[in-house]
Structure formats: C-alpha cells, structure tokens
Amino acid sequence: FMKRKRQPFYGFWGVIGRPVRVGETFEQAAANGLEQQTGLNLPLELKGFCRQMDVGADKSPLEDKLFVAYRAEWGGEELIEWPYAVSAWMTLDEYESKGKRFKSAVQMLRNIDQDQLWFTEDKTRYTGDDF
C-alpha cells in the first residue's frame, strides 16, 4: 500500500500503481510503477479491472479511471523511499482501519485471489477537502 504525499488525495492510502504512459502495455506500466515506488522487480499476474468514478459533493464528475489489477508475489524485500508517497506492507484489515483510504482498493484486493479475471465498478463521492 502507499500513502499519498501530494494532491490530489493528500494523505489517502491506496494501492501501488501509476498511469499508463503512451506506448506502454498495462503490464509494463504496472511493473514500472512497482519498481519506481517500491524498488521491487517482481513477476506480475493479471487479475482484474476496476472502474472508479469520483464525483464531488455536488455529484459533478471529478475523475473516471480504469485500474488494471496485477498480483505479485513478495519475497520480503525492503521498500525504497519514494518522494510522492509512503509505501508500506500491511494486511487488508490494517488497510481498512485507515481513515483516509480508497474504497476501490478494498474491492480490488478482495478479488485478487480469484481464479478468473474480474471487473468491478464504483462511484465515490469526495468533498473539497479530499480532492
């Protein structure tokens, strides 16, 4: 997991990841994001997809994102320090106890061990303090 150290969503906990850049595959973006944010270079397995629609307090659209979820087997390596977020290993229960967290991350992690590809969709309302 990672805790954002910049806006938007300063202080929110979420899953490790980053946007796909032009010319990258989903897997390349996931692998590059994992290495950039944690220092880890691990084999990845495609697990599913999550569409996250963020809306403001007045229900106006803020963001509409598609997350592509991959799973990596971790071997206990130490995490590097990253300037934009704090990375930390924790259980799903520990993550769910965090005050500021992304609900879509919980949904993705509950599905991560399924044997077939999955798709979830969520709409979350945020206040001006969050975004």
Side-chain angles (χ1 to χ4, degrees):
F1 293 95
M2 59 93 184
K3 181 179 181 181
R4 292 184 59 87
K5 294 188 330 189
R6 63 181 177 162
Q7 292 291 359
F9 302 111
Y10 183 89
F12 269 74
W13 283 93
V15 293
I16 294 166
R18 72 164 177 79
V20 177
R21 294 193 176 123
V22 173
E24 275 185 323
T25 65
F26 291 143
E27 186 171 4
Q28 288 168 330
N32 292 339
L34 179 66
E35 186 169 7
Q36 178 186 37
Q37 296 172 32
T38 67
L40 302 175
N41 186 346
L42 302 169
L44 300 173
E45 178 186 5
L46 177 62
K47 299 304 289 185
F49 303 87
C50 176
R51 181 181 183 198
Q52 175 63 43
M53 297 165 283
D54 299 336
V55 297
D58 63 354
K59 299 183 182 178
S60 62
L62 299 172
E63 288 188 319
D64 193 350
K65 303 169 279 211
L66 176 67
F67 292 100
V68 181
Y70 285 87
R71 182 170 188 224
E73 291 293 328
W74 173 57
E77 296 92 344
E78 291 294 320
L79 300 174
I80 64 166
E81 189 170 324
W82 192 55
Y84 304 115
V86 175
S87 297
W89 298 115
M90 67 183 76
T91 67
L92 183 54
D93 288 340
E94 290 169 327
Y95 177 75
E96 287 186 289
S97 74
K98 301 294 183 189
K100 287 185 167 185
R101 65 179 172 354
F102 294 109
K103 189 170 68 172
S104 58
V106 173
Q107 293 174 328
M108 286 188 281
L109 290 168
R110 285 190 179 144
N111 289 320
I112 206 75
D113 289 325
Q114 289 187 27
D115 290 333
Q116 58 187 2
L117 286 178
W118 46 264
F119 176 80
T120 63
E121 193 169 41
D122 184 58
K123 185 180 284 188
T124 303
R125 188 178 299 174
Y126 292 99
T127 67
D129 294 337
D130 298 327
F131 201 82

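Salt bridge annotation for Lys123-Glu121: absent, with no cationic side-chain nitrogen under 4.0 angstrom from a carboxylate oxygen.
At most 12 non-hydrogen atoms from other residues, nucleotides or ligands lie less than 6.0 angstrom from CG of Asp115. Atom CD of Glu81 has 12 or fewer heavy atoms from other residues, nucleotides or ligands within 6.0 Å.
With hydrophobic clusters built from ILVMFWY side chains whose heavy atoms lie under 4.5 angstrom apart, Met90 shares a cluster with Leu109.
Between atom CD of residue Glu96 and atom NZ of residue Lys103 there is a gap of 12.0 Å, rounded to the nearest 0.5 Å. For the atom pair CD of Gln37 and CZ of Arg18, the computed distance is 8.5 Å after rounding to the nearest 0.5 Å. Remark: Asp54 CG to Ser60 OG distance equals 11.0 Å, nearest 0.5 Å. For the atom pair NZ (Lys3) and CH2 (Trp13), the distance works out to 6.0 Å, reported to the nearest 0.5 Å. One distance of note links CD of Gln52 with OG1 of Thr120; it measures 8.5 Å at 0.5 Å rounding. Rounded to the nearest 0.5 angstrom, Lys100 NZ and Lys98 NZ are separated by 13.5 Å.
Nearest heavy-atom pair, Asn111 versus Gln114, reported as atom, atom and distance to 0.1 Å: OD1-NE2, 2.7 Å. Between Glu24 and Pro19, the shortest heavy-atom contact is OE1-O, 4.1 Å. Closest heavy-atom contact between Val15 and Ala105: CG1-CB, 3.7 Å. When all heavy atoms of Pro8 and Arg4 are compared, the closest pair comes out as O-NE, 2.7 Å.
Pairs passing the ring pair (Phe, Tyr, Trp, His ring centres under 6.0 Å) check and including a residue from residues 18-72, sequence neighbours excluded, do not occur. Judged as a salt bridge (Lys or Arg N to Asp or Glu O under 4.0 Å), not a single pair has a partner in residues 25-37 (not counting sequence neighbours). Counting only residues at least two apart or on different chains, the ring pair (Phe, Tyr, Trp, His ring centres under 6.0 Å) pairs with a member in residues 91-124 are Phe1-Tyr95, Phe9-Phe102, Phe12-Phe102.
Judged as a side-chain contact (heavy atoms from CB on, under 4.5 Å), and not counting sequence neighbours, Ala57 has no contacts. Applying the side-chain contact (heavy atoms from CB on, under 4.5 Å) criterion to Arg125, with sequence neighbours excluded, gives Val55, Lys59.
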Kindly determine whether Gln28 and Val20 satisfy side-chain contact (heavy atoms from CB on, under 4.5 Å), including the steps that lead there.
CA-CA 8 Å; Gln28 288 168 330; Val20 177; over 6 Å; no
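Side-chain contact check for Leu34 versus Leu44: some heavy-atom pair is nearer than 4.5 Å.
When hydrophobic residues (I, L, V, M, F, W, Y) are linked wherever their side-chain heavy atoms come within less than 4.5 Å, the members clustered with Tyr84 are Trp82.
Remark: the backbone N or O of Val86 is not paired with any side-chain donor or acceptor of Lys5 at under 3.5 angstrom.
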